[in-house]
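Reviewing the structure listed below.
All values derive from a computational prediction rather than experimental measurement.
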There are 2 protein chains.
Amino acid sequence: MSMRQKKPSAINVTVLERLRAAGLRPTRQRLALAKLLFARGHRHCSAEQLFNEAKGHRVDVSLATVYNALHDFTAKGLLREISIDSSSSYFDTNTGNHHHFYFERSGQLEDIADDQVSIAALPAAPGGAEISRVDVIIRIRA
Amino acid sequence: MSMRQKKPSAINVTVLERLRAAGLRPTRQRLALAKLLFARGHRHCSAEQLFNEAKGHRVDVSLATVYNALHDFTAKGLLREISIDSSSSYFDTNTGNHHHFYFERSGQLEDIADDQVSIAALPAAPGGAEISRVDVIIRIRA
DNA sequence: CAAGTTGTTTAGAATAATTCTAATTAGACA
DNA sequence: TGTCTAATTAGAATTATTCTAAACAACTTG
Ligand SMILES: [Mn+2]
Ligand SMILES: [Mn+2]
Ligand SMILES: [Zn+2]
Ligand SMILES: [Zn+2]
């Protein structure tokens with residue numbers, strides 16, 4: 001009974017399947033990053049944050065790979081990219097319809113469930129163009 | 001009757017008064033930039049755009065000054081800064097309540113009058129914090 | 001399993017928007 | 001006009017992000 005054999009845990013299997021289902025090769029780096037991102041609850045995370053978190057967990061991964069993974073995950077619909085503060089963008093593990101509180105002082109984002117906001121009237125897109133999504137951002141001062 | 005005396009035009013007087021009213025010294029550079037920004041209709045303008053426009057109008061002004069002016073104008077409420085695309089921020093000459101179409105392909109912004117959007121329900125800010133503003137962005141694909 | 005193929009990772013350089021520094025210039029106002 | 005203070009500027013610095021091209025690893029096929 002070798003100590004080498006590591007049986008993949010439930011969370012690892014889930015993450016691996018998510019990557020495969022998205023058409024992304026489950027590399028060591030992507031698995032580790034996806035685990036950090038998706039292990040528990042929804043989050044809003046910058047590239048730098050994820051990179052530091054990886055370092056903290058002894059996950060050896062380059063910053064370029066963090067950017068690659070975040071963009072690949074976003075392209076496959078596993079993440080949503082949010083640019084609110086021009087200083088850096090956030091990646092949201094919640095890809096469903098929802099909105100945000102933005103705390104101007106701290107730069108934190110907090111989810112607002114879709115049904116908490118009701119938009120009664122919306123103008124038609126000019127020229128009948130297709131709406132890709134509607135973002136509501138409630139900015140909180142201080 | 002000297003050709004040197006230049007009587008300030010109506011638009012120049014207006015711009016000068018706006019700067020003074022805001023507590024900003026009406027310098028040659030600020031007057032020229034404010035004229036470009038506020039001369040006609042509302043606009044959404046990046047620093048680079050304004051800088052190039054100034055060059056086109058033979059307004060000799062440094063890029064640092066363009067940034068300084070845009071931030072000073074924003075701090076005094078003459079402009080509103082908008083960060084939608086993480087690649088650069090826009091400055092909006094419309095500082096009243098309104099919302100935006102964002103054309104993902106071109107990066108253009110278009111105003112939506114406040115009364116065209118009706119938000120029936122909004123969650124309370126956590127901890128009774130003060131809402132500084134609510135932004136609605138309708139993203140248009142293609 | 002052993003290629004062979006293709007996608008991924010990476011260090012480090014490059015890019016680009018923005019900010020900073022420190023020296024010069026120019027409004028304001030007595 | 002002279003003094004004071006704020007604004008402008010060139011150019012360097014900063015910072016998030018992207019690019020390059022070489023090494024590597026996952027997948028496929030035989
Ligand atoms: Mn991005
Ligand atoms: Mn800014
Ligand atoms: Zn979210
Ligand atoms: Zn606007």
- For B:K55 and B:D60, run salt bridge (Lys or Arg N to Asp or Glu O under 4.0 Å): C-alpha distance rounded to whole Å, both residues' side-chain angles, the deciding distance at 0.1 Å, then the answer. CA-CA 7 Å; B:K55 282 199 293 202; B:D60 195 12; over 6 Å; no

How would you list, by chain and number, every residue that makes a salt bridge (charged side-chain N to carboxylate O under 4.0 Å, His left out) with [X], sequence neighbours excluded?
X	value
A:E48	none
B:E104	B:R139
A:E53	A:R43

Rounded to whole Å, please give me the gap between [atom1] in [X] and [atom2] in [N].
X	N	atom1	atom2	value
A:L50	D:dA16	CG	C1'	15 Å
A:K55	C:dT10	NZ	P	13 Å
A:L70	D:dA16	CG	C1'	13 Å
A:L19	C:dG7	CG	P	17 Å
A:R30	C:dT9	CZ	C1'	10 Å

- Would you please classify the geometry between the B:H71 ring and the B:F91 ring as parallel, tilted or perpendicular, with 30° and 60° separating the classes?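 Judged by the thresholds at 30° and 60°, the geometry between B:F91 and B:H71 is perpendicular.
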
- NA contact type, A:D72, heavy-atom cut-off 4.0 Å: base, sugar-phosphate, or nothing?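 Here A:D72 touches no strand at all.
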
- Message: Heavy atoms only, 4.0 Å cut-off, all strands: where does A:D60 land among base, sugar-phosphate and nothing?
- Response: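 Answer is sugar-phosphate: A:D60 comes under 4.0 Å of backbone atoms only.
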
- Task: Rounding to 10 degrees, work out the angle separating the end axes of the helix from C:dC1-D:dG30 to C:dA30-D:dT1 (five pairs an end).
- Result: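 Between the first-five-pair axis and the last-five-pair axis there is 30°.
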
- Message: Could you tell me if B:T65 and B:Q29 have a donor-acceptor pair between their side chains, going purely by distance under 3.5 Å?
- Response: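 Checked: B:Q29/B:T65 side chains show no N/O donor-acceptor pair below 3.5 Å.
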
Contact summary for [X] and [Y], nearest pair of heavy atoms:
X	Y	answer
B:T95	B:G77	CG2-O, 3.5 Å
A:L63	A:F51	N-CE1, 3.5 Å
A:P123	B:V117	CD-CG2, 3.9 Å

- Message: Among A:D115, A:D135, A:D111, A:D114, which residue satisfies the side chain to side chain donor-acceptor pair (under 3.5 Å) criterion with A:H98?
- Response: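 Output: one option passes, namely A:D111.
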
N/O to N/O distances under 3.5 Å, protein versus nucleotides 15-18 of chain C:
| residue | atom | partner | partner atom | Å |
| --- | --- | --- | --- | --- |
| C:dT18 | OP1 | B:S89 | N | 2.9 |
| C:dT18 | OP1 | B:S89 | OG | 3.3 |
| C:dT18 | OP2 | B:Y67 | OH | 2.5 |
| C:dT18 | O5' | B:Y67 | OH | 3.3 |

- Message: Less than 6.0 angstrom separating the ring centers of A:H44 and A:H100, yes or no?
- Response: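 A:H44 vs A:H100: aromatic centres under 6.0 Å.
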
Polar pairs (N or O, both sides) under 3.5 Å between protein and nucleotides 22-30 of chain C?
| residue | atom | partner | partner atom | Å |
| --- | --- | --- | --- | --- |
| C:dA28 | OP1 | B:R20 | NH1 | 3.0 |

